[in-house]
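Labels below follow one simple rule: chain letters A, B, ... track the order of the sequence lines, proteins then strands, and each chain is numbered from 1.
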Amino acid sequence: MSQKPSVPKGTRDFLPDEMARRNHIFDTIRGVFDLYGYVPVETPAMENLSSLLGKYGDEGDKLLFRILNSGDFMGKLPEDERGSGDSNRLANMICDRGLRYDLTVPFARFVVQHRNELTFPFKRYQIQPVWRADRPQKGRYREFYQCDADVIGSNSLLNEAEHARIIDDVFVRLGIKVIIRLNNRKILAGIAGMIGQHDKLIAMTVAMDKLDKIGLDAVCNEMLEGGIPPEAISKLKPVIGMTGSNSDKLDALSSLFDEKGPGLEGTREMKELLDMLALLEIKNRVDFDLALARGLNYYTGTIFEVKASDVEIGSICGGGRYDDLTGVFGLGGLSGVGISFGADRIYDVMLQSVGFPETVVASTRLMFANFGQKEAEACLPLLEKLRKSGISTELYPDKVKIKKQMQYANNRNIPFVALIGEKEVREKTVTVKNMKTGSQETISQDAITNYLITKMVK
RNA sequence: GUGGAUGUAGCUCAGUAGGUUAGAGCGUCAGAUUGUGGUUCUGAAAGUCGCCGGUUCGAGUCCGGUCUUCCACCCCA
């Protein structure tokens with residue numbers, strides 16, 4: 001070992017135990033998506049850079065991984081560009097592709113490209129990794145999985161309600177307690193308009209979003225620095241600091257807005273959504289939260305964010321409505337709503353709080369010990385039989401000491417070991433050892449399937 | 001991208017004002033037990049002390065750079 005091998009910053013290997021637990025998360029989410037009528041698609045890991053650039057704001061562009069062109073890309077450059085110190089400019093000339101940053105923008109591209117093959121409203125889900133050249137931290141990786149469900153081609157708020165329901169369903173199944181926060185971009189725009197700061201919407205929302213983290217005063221300071229005048233901020237203060245139930249907030253808001261701006265429409269949408277949610281059996285807390293502003297800048301209506309109640313790790317699911325995402329790819333008039341689960345953070349949350357059910361790591365139920373070629377051959381028909389019955393089983397491949405084989409079974413958490421030695425071959429029997437209790441019984445080989453089925457149920 | 005901390009065996013960590021052969025626990029492997037694991041006992045292997053360079057008679061220890069991981073900011077799943 002000359003140089004210690006490693007993986008790139010912010011990426012990880014997953015060991016079998018971790019995979020079993022990760023798959024439990026993926027399987028749960030996939031199962032829920034299936035249940036609500038979403039169909040799966042996949043898109044390539046890399047996209048043309050032109051599809052990605054400009055969709056996530058300046059910050060997002062910086063975080064894109066770019067892929068160096070193949071071949072003699074330098075030779076094709078004009079002489080005077082080669083030595084220029086502007087790496088950004090150079091990167092644009094020698095990189096035509098990049099790794100996807102999320103699943104939504106590639107999906108928008110996908111919808112436009114395949115519009116004639118799809119039936120609208122199109123409900124799809126997609127579970128794939130994405131890459132961001134962010135600086136890694138706890139719960140922040142450079143490669144991580146998103147699990148997205150989107151509906152495109154429908155304006156109905158039923159979709160938003162469904163997404164909230166899906167979020168609740170997934171987290172109830174995983175056993176994670178969460179708070180689902182909702183807001184509406186139109187309400188935020190209405191507020192900005194009300195204080196006469198249409199053009200400062202971004203600065204305002206970015207600051208408001210930090211409310212629970214840094215407090216009201218610091219939020220106001222930040223807005224001041226962002227160029228929002230003091231008198232506008234003092235008008236804003238009571239709105240941001242609004243407390244009470246979801247409907248209290250809605251009532252207070254509707255009296256604030258006039259008929260003209262987007263605010264009232266946003267408020268109506270929020271009311272309609274909350275009314276529908278009241279008819280669904282949602283177990284987790286749902287908060288209409290004016291301070292919620294997150295989301296990529298293409299969101300235009302409802303926005304979602306989900307945080308674990310018991311673990312501090314940032315959001316584990318987010319989403320929202322985007323009125324015209326496909327417009328930039330040349331297909332206007334299609335509205336979409338989507339949610340995205342962050343599988344890696346959900347994993348971290350579960351590890352730190354509720355844990356995983358023990359059964360998720362179990363694979364092999366029964367292992368046959370290997371006593372030599374002849375005895376192993378006697379096991380082969382039994383393996384066939386057990387597998388046909390759906391019992392996960394394996395034969396230890398080498399004739400080594402039984403102690404070692406037992407150790408192997410123990411380390412792998414295999415609950416039963418079958419022993420077929422010289423004597424069992426002769427008598428057509430099998431000795432089955434229960435690794436948990438340590439007891440063992442010798443039974444006829446014909447009885448092995450039924451024996452295991454009754455033992456395993458216990 | 002900005003600022004700060006970290007890095008010693010597979011893992012968790014010791015390592016005294018720079019001084020000779022760098023330690024422990026857990027794990028791994030072997031044996032006690034030639035058809036029986038998880039307990040016990042005995043023994044062994046395992047580290048260019050993150051990497052590169054500098055100061056010094058001498059560096060795990062001091063200095064510089066670099067990489068990793070972590071923390072804050074930014075942003076986000």
Side-chain angles (χ1 to χ4, degrees), chain A residues 1-12 15 25 29 56-63 87-88 101-104 127-148 167 202 205-207 209-210 213-214 218 222 293-297 299 304-308 312-319 338-349 367-372 375 396 399-425 430-440 442:
Chain A
M1 193 159 51
S2 53
Q3 191 82 38
K4 268 191 185 168
S6 63
V7 295
K9 182 195 270 208
T11 67
R12 300 152 299 156
L15 273 55
I25 294 173
I29 293 174
Y56 309 105
D58 291 344
E59 204 59 45
D61 284 357
K62 277 188 227 157
L63 299 181
S87 39
N88 254 332
Y101 176 91
D102 72 357
L103 300 178
T104 306
I127 298 177
Q128 289 191 274
V130 303
W131 294 268
R132 294 183 190 178
D134 216 338
R135 189 179 280 213
Q137 271 185 44
K138 198 180 212 87
R140 175 179 294 191
Y141 308 100
R142 285 187 155 183
E143 177 183 62
F144 61 95
Y145 273 76
Q146 290 195 327
C147 313
D148 278 33
I167 289 169
I202 302 283
T205 54
V206 166
D209 190 51
K210 296 176 187 161
K213 205 170 179 182
I214 60 176
E222 192 164 318
R294 301 188 161 219
L296 289 324
N297 41 18
Y299 290 136
F304 295 91
E305 182 175 272
V306 182
K307 281 190 164 175
E312 191 54 53
I313 199 166
S315 67
I316 53 178
C317 178
I339 45 171
S340 178
F341 292 85
D344 302 77
R345 282 189 181 172
I346 292 173
Y347 180 94
D348 292 344
V349 167
M367 183 193 88
F368 285 86
N370 189 323
F371 284 85
E375 292 86 347
Y396 195 89
K399 186 204 170 197
V400 294
K401 271 181 294 193
I402 296 307
K403 177 188 166 95
K404 197 179 160 86
Q405 302 193 33
M406 286 292 180
Q407 237 164 38
Y408 171 87
N410 192 55
N411 289 346
R412 289 207 37 207
N413 269 315
I414 296 172
F416 296 95
V417 173
L419 303 149
I420 297 184
E422 210 181 323
K423 182 174 149 230
E424 284 88 350
V425 172
V430 52
T431 301
V432 181
K433 174 166 177 136
N434 181 325
M435 294 296 279
K436 202 156 193 178
T437 63
S439 65
Q440 59 187 52
T442 301

In whole angstrom, give the distance that lies between atom [atom1] of [X] and atom [atom2] of [N].
X: A/Asp134; N: B/A77; atom1: CG; atom2: P; answer: 11 Å
X: A/Arg132; N: B/C76; atom1: CZ; atom2: P; answer: 9 Å
X: A/Lys62; N: B/U2; atom1: NZ; atom2: P; answer: 10 Å
X: A/Leu63; N: B/A77; atom1: CG; atom2: P; answer: 11 Å
X: A/Tyr299; N: B/C76; atom1: OH; atom2: C1'; answer: 11 Å

Base, sugar-phosphate alone, or nothing: which one does [X] contact when heavy atoms must sit under 4.0 Å apart?
X: A/Lys210; answer: sugar-phosphate
X: A/Val206; answer: sugar-phosphate
X: A/Cys317; answer: sugar-phosphate

If we take the [atom1] atom in both [N] and [M], what is their distance in whole Å?
N: B/G60; M: B/U55; atom1: P; result: 16 Å
N: B/C41; M: B/A59; atom1: P; result: 41 Å
N: B/C71; M: B/A14; atom1: C1'; result: 25 Å
N: B/G19; M: B/C75; atom1: P; result: 48 Å
N: B/U6; M: B/G43; atom1: C1'; result: 36 Å
N: B/U61; M: B/G54; atom1: P; result: 14 Å
N: B/C26; M: B/U40; atom1: P; result: 9 Å
N: B/U48; M: B/C11; atom1: P; result: 12 Å

Verify, without hydrogens or angle tests, whether A/Asn370 (side chain) and A/Tyr396 (backbone) share a donor-acceptor contact under 3.5 angstrom.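 Such a contact is found between A/Asn370 side chain and A/Tyr396 backbone.
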Grab the N/O contacts between the protein and nucleotides 66-70 of chain B below 3.5 Å, and write none if there aren't any.
residue : atom : partner : partner atom : Å
B/U68   : OP2  : A/Lys9  : NZ           : 3.2
B/U69   : OP1  : A/Gly10 : N            : 3.0

Using a 4.0 Å cut-off on protein heavy atoms (strictly under), produce a 5'-to-3' string for nucleotides 29-38 of chain B with B for base contact, S for backbone-only sugar-phosphate contact, and - for none. --SB--BBBB
Heavy-atom check, side chain of A/Lys138 versus side chain of A/Ile313, under 4.5 Å: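 Counting from C-beta outward, A/Lys138 and A/Ile313 never come under 4.5 Å.
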State which residues pass ring-ring contact (aromatic ring centres under 6.0 Å, His included) with A/Tyr347; sequence neighbours excluded, sorted by chain then number.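 A/Phe356.
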Not counting sequence neighbours, which residues clear salt bridge (Lys or Arg N to Asp or Glu O under 4.0 Å) with [X]? List them please.
X: A/Asp209; value: A/Arg294
X: A/Glu143; value: none
X: A/Asp61; value: none

For RNA chain B, the dot-bracket notation using Watson-Crick and G-U wobble pairs below 3.5 Å, [ ] for pseudoknot-type crossings and | for other-strand pairs, is (((((.(..((((.....[...)))).(((((.......))))).....(((((..]....)))))).)))))....
CG-CD distance between A/Leu419 and A/Glu375, expressed to the nearest 0.5 angstrom: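 It is 11.5 Å, given to the nearest 0.5 Å.
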With sequence neighbours excluded, what pairs up with A/Glu424 under the side-chain hydrogen bond (donor to acceptor under 3.5 Å, both in side chains) test?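 A/Thr431.
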Residues which pass side-chain hydrogen bond (donor to acceptor under 3.5 Å, both in side chains) with A/Glu222, listed by chain and number, not counting sequence neighbours: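 With neighbours one apart ignored, the set is A/Lys210.
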Partners of [X] by side-chain contact (heavy atoms from CB on, under 4.5 Å), sequence neighbours excluded?
X: A/Lys9; result: A/Pro136, A/Arg142
X: A/Gln146; result: A/Asp102, A/Leu103, A/Val130, A/Arg132, A/Phe144, A/Asp148, A/Ser340
X: A/Lys403; result: A/Gln407

Assign each of A/Glu59 and A/Val306 to its nearest nucleotide of RNA chain B by heavy atoms, then name whichever residue's nucleotide is nearer the 5' end.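 It is A/Glu59, whose closest nucleotide lies nearer the 5' terminus.
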